[in-house]
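For reference, the structure discussed in these notes is given below.
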Amino acid sequence: MTGRDEFTGNRTGTPPTGADDRPAPGRQPALEAALADARDLPDGPPRQVALERLAERADAAGDVRSGVDARFALIEAYLLDGERWRLVEPVRRCRAAADHRPGLLTDVETGLLLRYQRYAVEAVLGTPRVGLDQTRSLLHDLAHRVGVDGPDTPTVAELHCRIADHLGDEPTARHWYERWSGKRPGPSGGCPGCASARRAELLTGWGEWRAALDELQDSDGDPAACTDQPERDLVAVLLPALHGGEPERAAAAHVRAYRRHRRERAAFPHLAAHLRFCALGGHLERGLTILTEQLPRLDRPTDDLAAMEFAAAGALVCALAEEAGLGRRTVPRPAYGERPATEPDVSTLGALLVGVASDLAGSFDARNGTGHHSGRMAAWLAERPLAAPVPLPPDDEPGRYDEPDTGGSDEETWPDELMALTLDMIIGVLDERGDQYLVESGDTVVGRWGSVVIQFRRAGERGEVLHARSMAARRLPATRRAEAYAFCNAWNHDRLLPKAYAHDLGEELVLAGDVATDLTHGVAPAQLTVLVDAAIATGVAYAEAVAALP
């Protein structure tokens, strides 16, 4: 088992980098200006290349501060693009600069660099492109900085445990597990609300089904503060519940968790567990449906480990489907790159997926010097259903307004009945969509969809107006104010939603958009769903247009 960390699909929240936030001896204005320009580039390879070159220029000019700033921004760009394996070198260079010049980093930056160092260590779990010696060096350095009694001591123990497990050294992994188990992650550790899921995944890999269920049951984390919950725990419970004789619990957890994981790119690592549930729980038709739906994501996986596990789990579904007489069914596979679109049958697709999983497992094992992952994938492919399938709950989560109260209440509500807009109604729509969100003070619901942050709230004297505010993740420097105004004017001329404008923060411009709908006479739940869907779709389109600006 991988003991996978929580996935990260959004920016990590780099602290401000203004002149008042840190000392800047020997800093060159030209490099500062170049860094601002590089940060303003669209997400993707162009920004990475610009930041890499800027870091080299700063090194050549002896501007240590600008070099660290460029590498912090570069680390952020790598994380945003899902390329943790690239973190090792910039983290190492930032660490060396900070050690050579004490006082270079602020306290906030020092803590952030510890977190980046953890990310760099974890990269070894997701790809064979990171060397073991590099990883061990970074981990030993992290352990030295944390100390034996520091708040991040459990984080170091967790990393030792997961790396040992990844290498197939179960005795060493169990040794470190005892030092990690029951302890809350430190400031640079993973999400406290997901720690129980990470431990349960390890226990599941060791065949400790009951212990895994107990770990999830006894979680002392705070799932309410984590946007990945409760689906993170639900996906971790799938296989332990099946093996533990609780197929109904596993079925309910699968349906609820997949409702969300179906859409999120960052949830790709969890799809293997969903496919294995379908295979081992006897839900082969659903397994093929999920495989068909998610197969295009294999072309652009979040990491190599997730691709390997998805391919192996998909191959298992195909093998069992073939045994059940479904081998000639075709599965559409879209074109990608130079590969044309095809429609292989289940048997052919299964063979292709076995090849993908075997090749990736071989790459991991070649780097690790073991046969652990090849053996693990072979064991997955040899699995067979554990019990007769149980009925799955309805695939659409029952809405809180879907059915009337049949107990004779005077407050029956029907899907087409108009009612006053409430916070619970907004939350109910997002829950049914499977979206992640937080409820902030003032009853504002906030979520992130790709490159846009959207706030939903009730406005007006009686809360009768549904107000959705979209804010593009990309910001423009104040020097591009005229261009930002021209973009907003063009958007408002050509499109109805959202109403676009530029919010001036002094040095930066936030490009935002508003959608306000007057619901004085009430709103039906089905209508509210349409309004929320439209606000999200138009907000995403707006943010993508901002990101595409030169």
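Computed from heavy atoms alone, side chains included, the values below leave out hydrogens, waters and symmetry copies.
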Salt bridge (charged side-chain N to carboxylate O under 4.0 Å, His left out) assessment of Asp152 paired with Arg145: CA-CA 9 Å; Asp152 274 310; Arg145 296 176 190 280; over 6 Å; no
Phe364 and Asp304: CA distance, side-chain angles, deciding distance, side-chain contact (heavy atoms from CB on, under 4.5 Å) verdict: CA-CA 9 Å; Phe364 276 109; Asp304 295 320; 4.1 Å; yes
Residue pair Leu386, His243: steps toward the side-chain contact (heavy atoms from CB on, under 4.5 Å) verdict: CA-CA 7 Å; Leu386 299 171; His243 283 276; 3.7 Å; yes
Derivation of the side chain to side chain donor-acceptor pair (under 3.5 Å) call for Glu231 and Gln436: CA-CA 10 Å; Glu231 291 82 4; Gln436 55 179 314; over 6 Å; no
Intermediate values then yes/no, salt bridge (charged side-chain N to carboxylate O under 4.0 Å, His left out), Glu109 and Arg65: CA-CA 12 Å; Glu109 289 176 322; Arg65 180 67 257 179; 3.0 Å; yes
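- For the pair Leu125/Ile163, a side-chain contact is recorded, criterion being any heavy-atom separation below 4.5 Å from C-beta on.
- When each of Val124, Leu132, Thr172 is checked for a side chain to side chain contact (heavy atoms under 4.5 Å, CB included) with Leu167, only Leu132 meets the rule.
- Checked by atom type, the side-chain pair Asp303/Thr127 shows no donor-acceptor distance below 3.5 Å.
- Using a distance-only test at 3.5 Å, with no hydrogens or angles considered, no donor-acceptor pair links the side chain of Tyr542 to the main chain of Ala472.
- Summarising the geometry, atom CG belonging to Leu203 is positioned 10.0 Å from atom CD belonging to Glu201; distances are rounded to the nearest 0.5 Å.
- Minimum interatomic distance between Thr302 and Ala266 (heavy atoms only, all atoms of both residues): CG2-CA, 4.3 Å.
- By the side chain to side chain donor-acceptor pair (under 3.5 Å) test, Glu83 is found to be paired with Gln48, Arg86, residues two or more places apart in sequence or in another chain being considered.
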Verdict with reasoning, Glu508 to Arg474, per salt bridge (charged side-chain N to carboxylate O under 4.0 Å, His left out): CA-CA 10 Å; Glu508 287 186 320; Arg474 184 188 179 192; over 6 Å; no
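- Partners of Glu89 under the salt bridge (charged side-chain N to carboxylate O under 4.0 Å, His left out) rule, at least two apart in sequence or in another chain, are Arg92, Arg93.
- Looking only at distances, no side-chain donor or acceptor of Ser137 sits under 3.5 Å from a matching main-chain atom of Asp133.
- Taking 4.5 Å as the limit, every side-chain heavy atom of Val510 sits out of range of all side-chain heavy atoms of Val453.
- Annotation: the span from Arg199 atom CZ to Arg162 atom CZ amounts to 11.5 Å, rounded to 0.5 Å.
- Nearest heavy atom pair, residue Ala512 against residue Met471, reads CB-CG, 4.0 Å.
- Side-chain contact between Asp141 and Arg95: present, with at least one pair of heavy atoms (C-beta onward) separated by less than 4.5 Å.
- Trp206 places a side-chain heavy atom less than 4.5 Å from the side chain of Glu170.
- Contact check for Val64 versus Asp59: no side-chain heavy atoms found under the 4.5 Å cut-off.
- Ala250 and Leu238 make their closest contact through O-CD2, 3.3 Å (heavy atoms, listed as atom of the first residue, atom of the second, distance).
- With Gln294 contributing its side chain and Arg262 its backbone, the two residues share a donor-acceptor pair below 3.5 Å.
- Taking the six-membered ring wherever Trp is involved, the centroid distance between the rings of Trp449 and Tyr437 does not fall below 6.0 Å.
- In this structure, the separation between CD on Glu383 and CG on Leu239 is 7.5 Å, given to the nearest 0.5 Å.
- Side-chain atoms of Ile454 and Arg469, non-hydrogen and from C-beta on, never get closer than 4.5 Å to each other.
- A pairwise comparison of heavy atoms in Ala306 and Pro269 identifies CB-CA, 3.9 Å as the closest pair.
- Taking the six-membered ring where tryptophan is involved, the planes of Tyr116 and Tyr119 are tilted, since the angle between them lies from 30° to 60°.
- Pro230 has its side chain within reach of Arg256: a pair of non-hydrogen atoms, C-beta onward, lies under 4.5 Å apart.
- Between Glu215 and Arg198, no side-chain nitrogen of the basic residue sits less than 4.0 Å from a carboxylate oxygen of the acidic one, so the salt-bridge criterion is not met.
- How far CZ of Arg47 is from CG of Leu74: 10.5 Å, rounded to the nearest 0.5 Å.
- The aromatic rings of His373 and His166 sit tilted relative to each other, their planes meeting at an angle between 30° and 60°.
- One finds no salt bridge joining Arg259 and Glu432 here, because no Lys/Arg side-chain nitrogen approaches an Asp/Glu carboxylate oxygen to under 4.0 Å.
- Between the Gln134 side chain and the Gly131 main chain, a donor and an acceptor come within less than 3.5 Å of each other.
- Across all their heavy atoms, Ala123 and Val130 have their closest contact at CB-CG2, 4.1 Å.
- If you check the side chains of Gln229 and Arg232, you find no donor sitting under 3.5 Å from an acceptor.
- A donor-acceptor pair is defined here as one N or O able to donate and one able to accept, closer than 3.5 Å; such a pair exists between the side chain of Arg118 and the backbone of Ser188.
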From CA spacing to verdict: side-chain contact (heavy atoms from CB on, under 4.5 Å), Leu509, Arg475: CA-CA 6 Å; Leu509 301 173; Arg475 298 185 177 188; over 6 Å; no
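- Nearest approach of Cys94 to Val68, heavy atoms of both residues: SG-O, 4.2 Å.
- For the pair Phe310 and Val356, the minimum side-chain heavy-atom distance is 4.5 Å or more.
- Of the possible donor and acceptor atoms, none in the side chain of Arg179 sits under 3.5 Å from a partner among the backbone N and O of Ser181.
- Taking the six-membered ring where tryptophan is involved, the planes of His274 and Tyr258 are perpendicular, since the angle between them exceeds 60° and thus also 30°.
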CA sep, side-chain torsions, deciding dist, call: Leu280, Trp380, side-chain contact (heavy atoms from CB on, under 4.5 Å): CA-CA 10 Å; Leu280 303 183; Trp380 282 23; over 6 Å; no
Salt bridge (charged side-chain N to carboxylate O under 4.0 Å, His left out) between Arg174 and Glu178, worked out: CA-CA 6 Å; Arg174 287 182 178 271; Glu178 294 302 320; over 6 Å; no
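- Taken from CG in Leu159 to CD in Glu122, the straight-line distance is 5.5 Å, to the nearest 0.5 Å.
- Formation of a donor-acceptor pair under 3.5 Å by the Gln117 side chain with backbone atoms of Leu138 is found in this model.
- Taken from NE2 in His254 to CZ in Arg276, the straight-line distance is 14.5 Å, to the nearest 0.5 Å.
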